[in-house]
Amino acid sequence: AIIFPDAGFDVMSLILANMRIAPVQINMTGFPISLFGGKTDYFISGSDVEDLGLAKENYDERLVCLPGLGAIHERPKFSTDFKPPIVKDEIIVGGSWIGPKTHYYLLDMLSEIFKNVNKKCTFRIFPGMSWFHGNKSYKPYVETFSDYFDESLNLQIIDGAEMKEYLELLSEVDCVLDSYPWGGSNTCSDCIHLNKPVIMREGSRWYNRIGPAMLRSVGLDELIATTNNQYIDKSVRIIEDDSWRIELTNRIYEMNNNGVIDKKIYNCEEGIHAFTNFVRDAIDGNIVSGKEPIIVNCADLGRKNLYKTGR
C-alpha cells in the first residue's frame with residue numbers, strides 16, 4: 001500500500017497520486033480535498049467531522065471515517081504564562097490564514113463585522129510567511145485590506161513571522177476570527193493551545209468542518225457558526241461582550257489544565273489503532289467492496305469484514 005499524507009499539496013504528490021503505484025492507495029487530510037479522478041482508493045477522515053450524506057459529492061475516493069477527528073494535531077511546542085483576561089477598552093482580534101484563503105467573500109464578512117463593532121480594536125492578521133515573505137504581491141494585499149476597513153480600525157499585517165514569533169504574537173490577542181470557506185485546522189489547534197476563543201464558520205467539507213469538530217469535541221459549540229449571519233453576529237459578540245469572551249478564555253484554560261483538550265484533540269490512540277487495522281485489512285483484501293463510506297467503530301478494530309457502511 002502507499003499512503004499520501006497530503007496528495008495535491010504540490011505537483012509531485014499530485015502526479016504520483018494519479019498513478020497506480022500500489023494495489024491499495026490511500027489519501028489523508030494534509031491537503032483535505034478529493035483528487036476527483038486520481039488513483040487513490042480511500043480517503044481517511046473522522047466520524048466527528050464528516051457529513052456522510054455528502055460523502056459521494058465531496059469524495060471520488062471511498063471515504064473511511066475513523067473514530068473521532070480522523071487527524072491528530074500536535075500540540076505546539078510553545079508555552080507562556082497565563083494572564084487572566086480582564087475587561088479592556090481596546091482589544092486585539094486575530095486572523096490567522098495564509099494568503100490564498102483571503103478573498104472578497106471573506107473580506108465582505110469581515111467588513112460587516114467591524115462596521116458593527118463599537119469597541120476599539122486592533123485587527124492582527126497573519127498571512128503566512130511562505131506566501132508573502134519577500135514577495136512583491138504583499139503590498140497589494142495590504143492595500144486591499146486597507147480599502148475594506150474604516151481608518152478607525154488599527155490594522156496590523158504580520159509579514160514573515162517564524163513559528164515562535166507567530167505564537168508569541170498570537171498569544172497576545174483576545175480572540176480570533178477564522179477564515180471561510182477554507183477554514184483552519186492548525187489555526188484552531190493553535191488558538192485552543194493558547195486559550196483563545198476562535199469563531200469558526202462550519203460548512204460542508206473537511207476543510208471547514210475540522211475546526212468546528214474540534215471545538216464541539218471539547219464543548220465549545222457556541223463558537224461555531226453555521227451561516228454567514230451567525231458568523232457575523234458571533235464575531236461581533238466575541239469582540240463586544242467582555243464577560244462572554246472572558247468566560248470562554250477561562251474555560252479553555254481550565255480544559256487545557258485538566259486534560260480534557262489533550263484527551264480530545266492531541267491524543268488519539270483509538271484513531272491510530274483504527275487506522276493501522278484498516279490499512280492492514282485493506283492490504284489483506286478484507287474490505288467489502290462498494291462506494292458507501294466506511295465507518296470504523298471501536299468494536300470493529302482488528303475484526304475482519306465487520307466494517308459498517310454509512311448511508
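Note that the structure is predicted; figures quoted are calculated from it, not measured.
Under the rule for a ring pair (Phe, Tyr, Trp, His ring centres under 6.0 Å), Y180 has no partner lying at least two apart in sequence or in another chain. Take R216 and apply the salt bridge (Lys or Arg N to Asp or Glu O under 4.0 Å) test, not counting sequence neighbours, and it matches E202, D221. Residues meeting the salt bridge (Lys or Arg N to Asp or Glu O under 4.0 Å) test with K164, sequence neighbours left out: E168. Taking E240 as the reference, nothing meets the salt bridge (Lys or Arg N to Asp or Glu O under 4.0 Å) condition, with sequence neighbours excluded. For Y253, the ring pair (Phe, Tyr, Trp, His ring centres under 6.0 Å) partners two or more places apart in sequence, or in a different chain, are F82. Scored by the side chain to side chain contact (heavy atoms under 4.5 Å, CB included) test, V87 finds D242, I246 as partners (sequence neighbours excluded). Taking Y207 as the reference, W182 meet the ring pair (Phe, Tyr, Trp, His ring centres under 6.0 Å) condition, with sequence neighbours excluded. Residues passing the ring pair (Phe, Tyr, Trp, His ring centres under 6.0 Å) test with Y59 are F43, sequence neighbours excluded. Residues forming a salt bridge (Lys or Arg N to Asp or Glu O under 4.0 Å) with E172 (at least two apart in sequence, or on another chain): R124. Every residue two or more places apart in sequence or in another chain that forms a side chain to side chain contact (heavy atoms under 4.5 Å, CB included) with D60 is listed here: S34, F36.
Remark: E151 CD is loosely packed, at most 12 non-hydrogen atoms of other residues, nucleotides or ligands lying under 6.0 Å away. Dense packing is recorded around NZ of K88, with more than 12 heavy atoms of other residues, nucleotides or ligands lying under 6.0 Å away. Residue K119 qualifies as enclosed at atom NZ: its count of foreign heavy atoms under 6.0 Å is above 12.
Between R237 and N116, the side chains place no donor N or O within less than 3.5 Å of an acceptor N or O (distance only, hydrogens not considered). Between the side chains of N208 and R201, not a single donor N or O lies within less than 3.5 Å of an accepting N or O. Side chains of S152 and D150: a donor-acceptor N/O pair is present below 3.5 angstrom, by distance only. Checking N154 against T122 by side-chain atom types alone, a donor-acceptor pair falls below 3.5 Å. A donor-acceptor pair shorter than 3.5 Å can be found between the side chains of D241 and S243. In this structure, a donor-acceptor pair under 3.5 Å is present between the side chains of S13 and D10.
Looking at K264, its side chain never comes within 3.5 Å of a backbone N or O of M214 through a donor-acceptor pair. A donor-acceptor pair under 3.5 Å is absent between the side-chain atoms of N195 and the main chain of N250, judged by distance alone.
Evaluation of the salt bridge (charged side-chain N to carboxylate O under 4.0 Å, His left out) test over residues 95-106, restricted to residues two or more places apart or in two chains, returns none. Residue pairs meeting the salt bridge (charged side-chain N to carboxylate O under 4.0 Å, His left out) criterion with at least one partner in residues 14-40, sequence neighbours excluded, are R20-D41.
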Under the side chain to side chain contact (heavy atoms under 4.5 Å, CB included) criterion, do D281 and F278 qualify, and how do the steps go? CA-CA 5 Å; D281 280 349; F278 173 79; 5.8 Å; no
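Using cut-offs of 30° and 60° for the angle between ring planes, the F123 and F114 rings count as tilted.
Minimum heavy-atom separation, I252 to I261: O-CD1, 3.9 Å. Residue C121 comes nearest to L153 through the heavy atom pair O-CD1, 3.6 Å, listed as atom of the first residue, atom of the second, then distance.
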